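Here's the structure, in structure tokens; my notes come after.
Note that the structure is a prediction, hence the values are computed from the model and not measured.
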Amino acid sequence: MRLPGTRYQEHGWEQVRKLLGHCSLQAFARVDPALLLEPDTATSLSLYVEAVARALHGARGRGAAAGNSYGDTVSELALALVYELQARPGDWDALCAAVSGEHARLGRFWAQPGGEALLRKKFNDLYAVLRDKVDSDNYQAACGRPCSPNRMYAYRMLDTACHEIARLFEGWREHLAQVGAILGREVDAMPIEARQLRSIADCRAEWVLRWSESLVAFGGAPGPLHTRSKRFASLKTSPEKIAAMLREIGDYEQLSSNRDQDWLHDAGDAAAWLDDYLRVLGESEAASTPGPDLVLEMRQEEPEPIDDPEPDADLPDEADLPRLAAAARSVSLPPSYLQSAASSQARGSWAAREMAGDTLPVRLAVYLKLLGPVDDSYPSEWLDPATGELPTMQQLAGLDGISLPTLRKRRDTAIARLQDAATATREEKG
């Protein structure tokens, strides 16, 4: 969960908590935990901060992991929280009182079996409270709106509830009864709400209330809004507050998820732009057909068009039209494609005369190879209406009634013939 000013509400908190507990135990391997029983809490706090900071600075693997989406590492977040503790001695006093209570009941419990786990839990509880205090203060500074640690906890509860509801909706088949209880109706098929729930802003307050209520029957314990605790009492009777908080979380998540997009468009300077331009040029050259530009040479060297060309052999007989229409339909082209494409070719061009013995699909395969699927010189009749490009090699093979390897072989033969003709023309002029 992300909210303005917060740093400790995201996925990395679990690692921060574990690192603080681990380093606190390391600190008390150097400092006697009995120091927590002393009335001079200021001295014990100072010694603890110094010892745990040294341990945190030495943390490597877990400490180097990402702690949130703002770029803070786990160790940086943990260290900042330790220094916040030094500025909030009241929280340290509460920890010392809790340890003193356990000592009065169990004696030196940290030296007993399982005692380290109990001591670690005391520090985990300390930092769990402290993180909400720090984040709620930073939220107020960022937004100018009041926010208590308890409200920050409520934000987190609602975020957790929404993700749990989304999980149940996704697995609605396995959770039919509970999903029905959340939606307030019987569910027999995939509920439309499962598609509508794209973010926490789409989650509805009544779903959260019913989800909490359903946990008694489906989770074995009361939900957070239905316990005896008064922590969420005001939310239980105020669905409009729940809806507003859900919208706030969703709106800020959407805003912060796009936080890099605006400046990324303007970040590149002239050198970065030029590097990218040169990369694109290099990729284009690497993907181009090796050898001379045959099409350009053909266009430069072709003679004037013949005024009275011979009738086009590609124009089909009337009796052949049903077969050609069926072939075109079989490759998802209009039934009249072959007739239209044949009648639109400039039959007096040098390239057309050189490929006069080739079928129309072979000629189109040559253009597809040399010029690509789109070129301004192509008549619109040559293009596939569905894509606005020349038909694919697979489509052309179907039109010609031959296999794809055969079409490739005939295409390459035609290109070689064009290349030989262009070379012969240059030699004659030379």
Should we say atom NE2 of His163 is surrounded by more than 12 heavy atoms from elsewhere, each under 6.0 Å from it? no
To the nearest 0.5 Å, how far apart are CZ in Arg329 and CG in Leu324? 10.5 Å
So, does Asp202 use its side chain to make a donor-acceptor pair with the main chain of Arg198 at under 3.5 Å? yes
Between the side chain of Ser212 and the main-chain N/O of Leu209, is any donor-acceptor distance below 3.5 Å? no
With a 3.5 Å distance limit and no angle check, can you tell me whether Thr392 reaches the backbone of Gln395 through a side-chain donor-acceptor pair? yes
Determine, stepwise, if the pair Val362 / Met355 fulfils side-chain contact (heavy atoms from CB on, under 4.5 Å). CA-CA 9 Å; Val362 171; Met355 294 189 291; over 6 Å; no
In terms of heavy-atom contacts, Gly388 and Val374 come closest through O-CG2, 4.2 Å
Heavy-atom neighbours of Gln394 CD exceed 12 at 6.0 Å: no
Partners passing salt bridge (charged side-chain N to carboxylate O under 4.0 Å, His left out) against Asp135 (at least two apart in sequence or in another chain): none
Just by distance, no angles: are the side chains of Glu248 and Tyr155 close enough, under 3.5 Å, to form a donor-acceptor pair? yes
I want to check something: taking the side chain as every heavy atom from C-beta on, are Leu130 and Leu85 in contact at a cut-off of under 4.5 Å? yes
How long is the gap from CD1 on Ile200 to CG on Leu158, to the nearest 0.5 Å? 7.0 Å
Sorted by chain and residue number, the ring-ring contact (aromatic ring centres under 6.0 Å, His included) partners of Trp211 (sequence neighbours excluded) come out as none
Quick one: CD1 on Ile242 to CG on Leu246, what's the gap to the nearest 0.5 Å? 7.5 Å
Residues 108-120 side chain polar contacts: donor-acceptor under 3.5 Å, at least two apart:
| residue | atom | partner | partner atom | Å |
| --- | --- | --- | --- | --- |
| Gln112 | NE2 | Leu106 | O | 2.9 |

Kindly check if the number of other-residue, nucleotide or ligand heavy atoms within 6.0 Å of CD (Glu240) is above 12? yes
Could you report the tightest heavy-atom contact between Ser340 and Glu381, atom names first, then the distance? O-CB, 3.6 Å
Roughly how far, to the nearest 0.5 Å, is CE of Met245 from CZ of Arg156? 11.0 Å
Would you say the side chain of Met1 lies within less than 4.5 Å of the side chain of Glu10, judging by non-hydrogen atoms? no
Kindly say whether Ala42 contributes a backbone atom to a donor-acceptor pair with the side chain of Ser46 at under 3.5 angstrom? no
What's the shortest heavy-atom distance between Tyr378 and Pro373, and which atoms? CE1-O, 3.7 Å
When rounded to the nearest 0.5 angstrom, what is the spacing between CG in Asp188 and CG in Leu176? 8.0 Å
I'd like to know if Arg17 pairs up with Glu14 as an ion pair, taking the criterion as any Lys NZ or Arg NE/NH1/NH2 lying under 4.0 Å from an Asp or Glu carboxylate oxygen. yes
So, Arg151 versus Tyr139: side-chain donor-acceptor pair below 3.5 Å or not? no
Is a side-chain donor or acceptor of Arg247 paired with a backbone partner of Ala201 at a separation under 3.5 angstrom? no
Contact between Leu183 and Pro191 at the side-chain level, heavy atoms closer than 4.5 Å - yes or no? yes
Tested for salt bridge (charged side-chain N to carboxylate O under 4.0 Å, His left out) against Arg7, the lone hit among Asp132, Asp72, Asp137 is Asp72
Rounded to the nearest 0.5 Å, how far apart are CG of Leu77 and CG of Leu56? 11.0 Å
Compile the donor-acceptor pairs under 3.5 Å between side chains in residues 398-409 and protein atoms, sequence neighbours left out, one pair per line.
| residue | atom | partner | partner atom | Å |
| --- | --- | --- | --- | --- |
| Asp400 | OD1 | Thr359 | OG1 | 3.4 |
| Asp400 | OD2 | Thr359 | OG1 | 2.9 |
| Ser403 | OG | Thr406 | N | 3.3 |
| Ser403 | OG | Thr406 | OG1 | 2.8 |

Close side-chain approach of Tyr127 and Val16, heavy atoms under 4.5 Å: no
Taking all non-hydrogen atoms of both residues into account, name the closest pair between Ser214 and Gln178 and its distance. OG-NE2, 3.2 Å
With the side chain counted from C-beta on, respond yes when Cys203 and Val208 share a heavy-atom pair under 4.5 Å apart, and no when they do not. yes
Do the non-hydrogen side-chain atoms of Lys122 and Glu102 ever get within less than 4.5 Å of each other? yes
Check step by step if side-chain contact (heavy atoms from CB on, under 4.5 Å) holds for Leu45 and Val49. CA-CA 6 Å; Leu45 174 58; Val49 169; 3.8 Å; yes
For Glu50, what residues pass the salt bridge (charged side-chain N to carboxylate O under 4.0 Å, His left out) criterion, not counting sequence neighbours? Arg54
Tell me the closest heavy-atom pair linking Ala78 and Leu19, and the distance in Å. CB-CD2, 4.3 Å
Can you tell whether the side chains of Glu170 and Arg167 come within less than 4.0 Å, N to carboxylate O? no
Determine whether Ile192 and Arg195 make a side-chain contact, defined as any pair of heavy atoms from C-beta on separated by less than 4.5 Å. yes
Can you tell me if Glu206 has over 12 outside heavy atoms packed within less than 6.0 Å of its CD? yes
Say whether Arg231 and Asn150, considering side chains only, have a donor N or O and an acceptor N or O under 3.5 Å apart. yes
Heavy-atom pair of closest approach, residues Glu84 and Val134: CG-CG2, 3.8 Å
Side-chain donor-acceptor pair under 3.5 Å between Glu253 and Ser199, yes or no? no
What's the verdict on ring-ring contact (aromatic ring centres under 6.0 Å, His included) for Tyr337 and Trp382, showing C-alpha distance, side-chain angles and the deciding distance? CA-CA 8 Å; Tyr337 175 81; Trp382 288 5; 9.3 Å; no
Minimum side-chain heavy-atom gap Asn138-Thr6 below 4.5 Å: no
Checking side-chain contact (heavy atoms from CB on, under 4.5 Å) for the pair Val366/Asp358: CA distance, chi angles, key distance, verdict? CA-CA 10 Å; Val366 170; Asp358 297 305; over 6 Å; no
Contacts of Tyr48 meeting ring-ring contact (aromatic ring centres under 6.0 Å, His included) (sequence neighbours excluded), chain-then-number -> Phe28, Trp92, Phe123
Decide yes or no on side-chain contact (heavy atoms from CB on, under 4.5 Å) for Leu81 and Leu20, but give the supporting numbers first. CA-CA 9 Å; Leu81 210 54; Leu20 283 168; 4.0 Å; yes
Going through the checks in order, is the side-chain hydrogen bond (donor to acceptor under 3.5 Å, both in side chains) test met by Asn68 and Gln9? CA-CA 8 Å; Asn68 58 31; Gln9 305 299 320; over 6 Å; no
Between Gln140 and Pro146, is there a donor-acceptor pair closer than 3.5 Å when you use the side chain of the first and the backbone of the second? no
